[in-house]
Q: 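Take this structure first; my questions come after.
Chain letters run A, B, ... following the sequence lines, proteins first and then strands; every chain starts at 1. The structure displayed is predicted, hence computed values, not measured ones. Just so you know, these numbers use all the heavy atoms, side chains as well, and skip hydrogens, waters and symmetry mates.
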Amino acid sequence: MKKYDHKAIERKWQKYWKTSKIYTTPDKAPGPASAPPSLKATDGHSKATAGKKENFYLLVEFPYPSGNLHAGHWYAFAVPDILARALRMQGKNVMYPIGFDAFGLPAENAAIKNKLNPRTWTEGNIAYMKKQIASMGTSFDWSREVITCNPDYYKWTQWLFLQLFKKGLAYQKETAVNWCPKDKTVLANEQVTDGKCERCDSEVVQKKMLQWNIKITDYADRLIDDLSGLDWPEQIKESQRNWIGRSNGAEISFPIEFENKNAPQPNFLLLHGYKGSPTGAFFSWLKRELESKGYAVQAPELPNTSEPKEYEQVKYVFDHCHIDENTVIIGHSLGAVVAMKLLQKINRPVGGLVLVAPAIDSAFANAEPRTYWKDFSWDIKYDKLKTLAGLRLVLSDAAEKGKRGAYIAHLADILDAQIAEGKANEEHFLGAQEPLVLAQLMPRITVFTTRPDTLFGATYVVLAPEHPWVKRALAHQRLLRNEKEIGRYIALTEKKSDMDRQTNKEKTGVRLEGVDAINPATRERIPVYIADYVLGHYGTGAIMAVPAHDERDFEFASRYGLPIREVISAQINADRLQVPIQTLSAQTRNNADKNGGELPYMGEGLMIDSGRFSGLTSQKGREAITEELGVKKTTYKLRDWIVSRQRYWGVPIPIIHCGKCGSQPVGDVDLPVELPEVKDYLPEGSGKSPLAKAKKWVAAKCPKCAGEAERETDTLDTFVDSSWYFLRYTDPNNKKEFASKEKQANWMPVNLYSGGAEHTTMHLLYSRFWHKALFDLGLVGESEPYKRRMNRSLILGPDGQKMSKSRGNVIDPDLVVERLGADTVRMYLAFIGPYNEVSSYPWNPDGVVGIRRFLERVWRMGQSTVDSPQLTVNANIEPVLHRTVKKIGEDIALLKFNTAISSLMILLNAIEKEGAIGQEQFGVFLKLLSPFAPHITEELWHEAGNKSSIHLEKWPVFDPALLRDENVTIAIQINGRTRGEVQVPTDSDKKTVEDAALAAVGSRVEGKKILRTIYVPSRLVNFVLEGE
RNA sequence: GCCGAGAUGGUGGAAUGGUAUACACGCAACACUUAAGAUGUUGUGAGCUUCAUGCUCUUGUGGGUUCGAGUCCCACUCUCGGCACCA
């Protein structure tokens, strides 16, 4: 008998599959769309057309070319391959593509270390890994291979980035990055360990640098809301929701008063807009209001208001108005542009810049052309304005949101300004009175809270130490009495990394002496603190502290002896805003905690909320106070996606910076912007990427004015590369588009996307966002890329620990394949546990051998079957064979490969017991096994005399009539406990079965009354007896 | 702390509310063998006993619903994963 020589067999068929190209997937495959009805994969979203096979897009996350394939890769690629093969046999046109996520830091590190070109390193790794992947016997369609570091791929990454840029979804912003002062380089988070640089071990500091951001936050709501329509595990949806972290609440403004009455007061300069005047709109009213509060106000009439010219208007104000460091310039509509130009011209710090409904960009959509367009220069030096204006505020009318909302939000962003949105009395703030404007001009601190109903219990206000308001207040001398102490505290927190701020949980803070806030509900003066338990980047960077209803505030209040006040729910419900407040001392509160949270009864007519910190849960209270004293607001934990990297090995950001025209996109014809050659890959000392060293490459012509300009030297985050690679698979060689609409339509959305749980909140969220942005641009056909997603489990070392070189528990799949064969490894991994649940499985070397034993037995059976061609069908095997066909079909559709394999084992056990199997039946067995063990089945299939590949065969169909045995075993229960069993013919009626059962357990029932008999056909009979 | 998932033999795991522990690993005995390995056969949840076609217990713990619960409900314990001063 021939030996099962896995090496020869696997080599032979892998070569055959490659040369015969049987896995090259056509976009449309001829043939009737036929699939067994049991397959869940056909979930109604049919991509089939008449006379064509139905397309099925099976996607696995493409690997990073690290240079070596590990057990996890096998689990990621070889097990879904079972599904790909089974679906193909079941009549689907399955695309199972692969590629490489080839940009990234490891290549650059290797290049620096070994003085190699990162491309050389990467390409070498890819070549090696392709061989390894081929050794798995996977049915990948290599003709669709995508490699992200190739210019014909990243040309489209750049092009897509520019589409987002042109839509205002990509912008530059000062952002803190990890900076190593010794290496003079920006570090990725994974290059920082315990706050130190992984290379030189020096202390990492936070440094602000201009970074490219993508406005994923604009899509926060849709990214949450669209989850509900997806066939994804609830777990994944939930983590995305948590990550985005939407919370609904309100912004409430607390007016502030300074103790120092000689403190410098602001004065106001009002600049009206196109066809406006100092008496038009709300201007005269606002002037009166401000003057009545004792402020100086100037409101010049700008020249030539119907045909305004920038130079003329700016010069007029410059010549006729007094402007000092306390002046707050307020510009309405086009006046906002005049305000900004004016500030650019005076080039001295001023008190503030307030833009009311600004309409200031030539690219501004939906406005009819106006004469002033050509008379104004629309180039504004936002960075300069940021340094000149202390207060920067943009006011937006909610009614105009559709037209201008996105633009205004964008403007606020690049100005790093506060944005206040509310309802104007008349659209575009044209009302005779606009209280929103006035309110925003008064000194105040705005806080965000999800519990506006507890406003009555707010006994102090806390700002994040980095809150811009604090810096502004410190800029004026003698405004705050303890400037030094405040400065020290701010310096201290700035030094703390995020890590420290999180780990050191003891709450500290400093009171701002000399200023008080007014609680708008109680009209009471309350102190203002800075404390690092308040985060600068969340909400408004300021909170109202309600120690009675918030544990953190309680902790802080207890430490600093601040009053703690309970808000009583029953009263709020009964008579909103007229709420009696109960003042509790910290001492009382502590005693209450010791009493298991019960608060003492405080007095006549008051109900005390008894839950510890639970406060009231009155939705009514929240709404009432929000309406009366605040503005509804939704905040998100999600922050914008920083996509620029100061690295060489990535996609160059296709932007040219021009001194005159600003940041300009590279024209389509000049794409791709190819990576320049550089001498070495170490970052440039100024913190720029190594690309900055390619001086010739950096110099470029401005695409707009053709003047001297410079290229952006940062490269894109690799998550951008992987945000659209699955679209390229549908049309990998397209030179004109990233993927044609027609080709996309063949395959998108992805039917099943399998990948690692670690990508749940990164890649998976980014690519969903990217797809939605492309959808809005009309570049893709649907708003969600992946119909179904599943996360894969982890393969651990034999010791149950994560595989790692230091633990010495790494299983090298190449070695196991060498010894036992790819079929064995594939099947072992499929058998280890259910694929559709996230868990972690230790690699059991004995278990692998067990699978090998199974394949040896298959081999032996194959040899003996070939030797006895006279037997075609063994009737005794038929029922179990057909049951197995049914079961495996169902299990594969559910991704339960482990139980599918188990039923193959049961089948083999039955065959061996029987002694022999018929030729035809063996063919069926091989087909069932072929997705799991493609090589051995192909070999045996050909040995049996077949000429074409088993993988092109049709999936076996079971005969329902053959599923039933002649007899069934019925369990006999007495009072629900199993007491015996009895064999009856399958079609016996109830009476027959009950009689047979009664006879079998007669002695137990004797003399007792049977109260009830429960009969479950072909399962059991249960006698319910009296008195047992 | 918050969110999510889970807990079944020595191990990985299997079970539409219907005979819990399929299948595999491991282990034991036997066969083959000089021996080991490989292979095959048989056995293998725990305990009790009169050693059987016997009894009792058993799916993290405690309750409940049901003729019947690993499965449904309530409470708790523990494990793993993610987030974490997010107001």
Q: Using 30° and 60° as the class limits, which term best fits the ring planes of Y835(A) and Y75(A): parallel, tilted or perpendicular?
A: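 The rings of Y835(A) and Y75(A) stand perpendicular, inter-plane angle above 60°.
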Q: Does the T446(A) side chain pair with the main chain of E251(A), one donor and one acceptor, at a distance under 3.5 Å?
A: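 Side chain of T446(A) to backbone of E251(A), a donor-acceptor pair under 3.5 Å: no, none is there.
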Q: Mind running side chain to side chain contact (heavy atoms under 4.5 Å, CB included) on I851(A) and M905(A) for me, showing each step along the way?
A: CA-CA 10 Å; I851(A) 295 289; M905(A) 288 170 167; 3.8 Å; yes
Q: Tell me whether E890(A) is salt-bridged to K887(A), with the criterion being a basic N under 4.0 Å from an acidic carboxylate O.
A: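 K887(A) and E890(A): not salt-bridged.
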Q: Where along nucleotides 6-16 of chain B does protein come under 4.0 Å, by heavy atom, of base (B) or sugar-phosphate alone (S), with - for untouched nucleotides?
A: ------BSSSB
Q: Check for a donor-acceptor pair, side chain of R826(A) on one end and backbone N or O of P931(A) on the other, with a separation under 3.5 Å.
A: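 The answer is yes, because a donor-acceptor pair under 3.5 Å joins these two groups.
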Q: Let me know the distance between NE2 of H759(A) and C1' of rG81(B), rounded to the nearest Å.
A: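 H759(A) atom NE2 is separated from rG81(B) atom C1' by 16 Å.
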Q: So which protein N/O to nucleotides 28-31 of chain B N/O distances come out below 3.5 Å?
A:
none

Q: With a 3.5 Å limit on both atom pairs, tell me what rC51(B) is paired to, counting Watson-Crick and G-U wobble, or say none.
A: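 Looking at the geometry, rC51(B) pairs with no nucleotide.
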Q: Using a cut-off of 4.0 Å on non-hydrogen atoms, how would the nucleic acid contact of R853(A) be classed: base, sugar-phosphate, or nothing?
A: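 R853(A): backbone/sugar contact only, no base atoms under 4.0 Å.
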Q: Look at R852(A) together with E856(A) and state whether they make a salt bridge at an N to O cut-off of under 4.0 Å.
A: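 Answer for the salt bridge query: yes.
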Q: Quickly work out the Y1015(A) OH to rG68(B) C1' distance and round it to whole Å.
A: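 Atom-to-atom, Y1015(A) to rG68(B), this comes out as 17 Å.
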Q: Run the ring-centre check on Y460(A) versus Y560(A) and record whether the distance is less than 6.0 Å.
A: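 No, too far apart.
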Q: Tell me the partner of rU39(B), counting only Watson-Crick (N1-N3 plus N6-O4 or O6-N4) or G-U wobble (N1-O2 and O6-N3) with both under 3.5 Å; none if nothing fits.
A: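 The answer is rA31(B), by the H-bond criterion.
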Q: Please give the distance between the P atoms of rC72(B) and rA15(B) as a whole number of Å.
A: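 It comes out at 14 Å once rounded to the nearest Å.
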Q: Could you check which nucleotide pairs with rU66(B) in any of the strands shown, counting Watson-Crick or G-U wobble with both distances under 3.5 Å?
A: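 Across all strands, not a single nucleotide pairs with rU66(B).
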Q: I would like to know whether Y828(A) and L820(A) meet side chain to side chain contact (heavy atoms under 4.5 Å, CB included); could you show each step before the answer?
A: CA-CA 11 Å; Y828(A) 171 66; L820(A) 299 170; over 6 Å; no
Q: From CZ of R852(A) over to C1' of rG37(B), roughly how many Å is that when rounded to an integer?
A: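 Answer to the nearest Å: 15 Å.
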Q: In terms of side-chain geometry, is the basic nitrogen of E61(A) or R789(A) positioned less than 4.0 Å from the acidic oxygen of its partner?
A: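 Salt bridge flag = yes for R789(A) with E61(A).
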Q: For the pair made of CE in M905(A) and P in rA24(B), what is the distance, rounded to whole Å?
A: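 Going from M905(A) (CE) to rA24(B) (P), I get 6 Å.
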Q: Is rG70(B) syn or anti, taking syn as a glycosidic angle within 90° of 0?
A: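 Anti, angle beyond 90° from zero.
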Q: If I pick the C1' atom on rC32(B) and the same atom on rU50(B), what distance separates them, to the nearest angstrom?
A: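 To the nearest whole Å, 39 Å.
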Q: Does the distance from a Lys or Arg side-chain N to an Asp or Glu carboxylate O, for E837(A) and K896(A), drop under 4.0 Å?
A: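 No, no charged N to carboxylate O under 4.0 Å.
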Q: For Q973(A) and rG68(B), what is the distance between atoms CD and C1' respectively, to the nearest whole Å?
A: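 It is 6 Å, rounded to the nearest whole Å.
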Q: What's S247(A) touching, base or sugar-phosphate or nothing? Going by heavy atoms closer than 4.0 Å.
A: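 Contact class for S247(A): sugar-phosphate only.
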Q: Got a list of protein N/O to nucleotides 1-5 of chain B N/O distances below 3.5 Å?
A:
{"from": "rC3(B)", "atom 1": "O2'", "to": "N242(A)", "atom 2": "ND2", "distance (Å)": "3.0"}

Q: Who does rC2(B) pair with, Watson-Crick or G-U, both distances under 3.5 Å?
A: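 Paired with rG82(B).
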Q: When all nucleic acid strands are considered with a 4.0 Å heavy-atom cut-off, which category describes G850(A): base, sugar-phosphate, or nothing?
A: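 Since only primed, P, OP1 and OP2 atoms lie under 4.0 Å of G850(A), the category is sugar-phosphate.
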Q: For atom P, what is the distance between rU16(B) and rC78(B), given to the nearest Å?
A: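 Between the two P atoms, the distance is 31 Å.
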Q: Within the structure shown, what part of the strands sits under 4.0 Å from R857(A) by heavy-atom distance: base, sugar-phosphate, or nothing?
A: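 The answer is sugar-phosphate, as R857(A) gets under 4.0 Å only of primed atoms, P, OP1 or OP2.
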Q: Just the rounded figure in Å: distance from P of rA84(B) to NZ of K637(A).
A: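 My rounded result for the distance is 7 Å.
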Q: Using a heavy-atom cut-off of under 4.0 Å over every strand shown, decide if I906(A) touches base, sugar-phosphate, or nothing.
A: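 The residue I906(A) makes sugar-phosphate contact but no base contact.
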Q: What is the separation between atom CG on N909(A) and atom C1' on rU41(B), rounded to the nearest whole Å?
A: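 Rounding to the nearest Å, CG of N909(A) and C1' of rU41(B) are 13 Å apart.
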Q: On a whole-Å scale, what distance lies between the C1' atoms belonging to rU58(B) and rU8(B)?
A: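 The answer is 10 Å between these two C1' atoms.
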Q: In whole Å, what separates the C1' atom of rA5(B) from that of rC55(B)?
A: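 The answer is 40 Å between these two C1' atoms.
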Q: Mind calculating the distance between CG (L794(A)) and P (rC80(B)) to the nearest angstrom?
A: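 Between P of rC80(B) and CG of L794(A): 14 Å.
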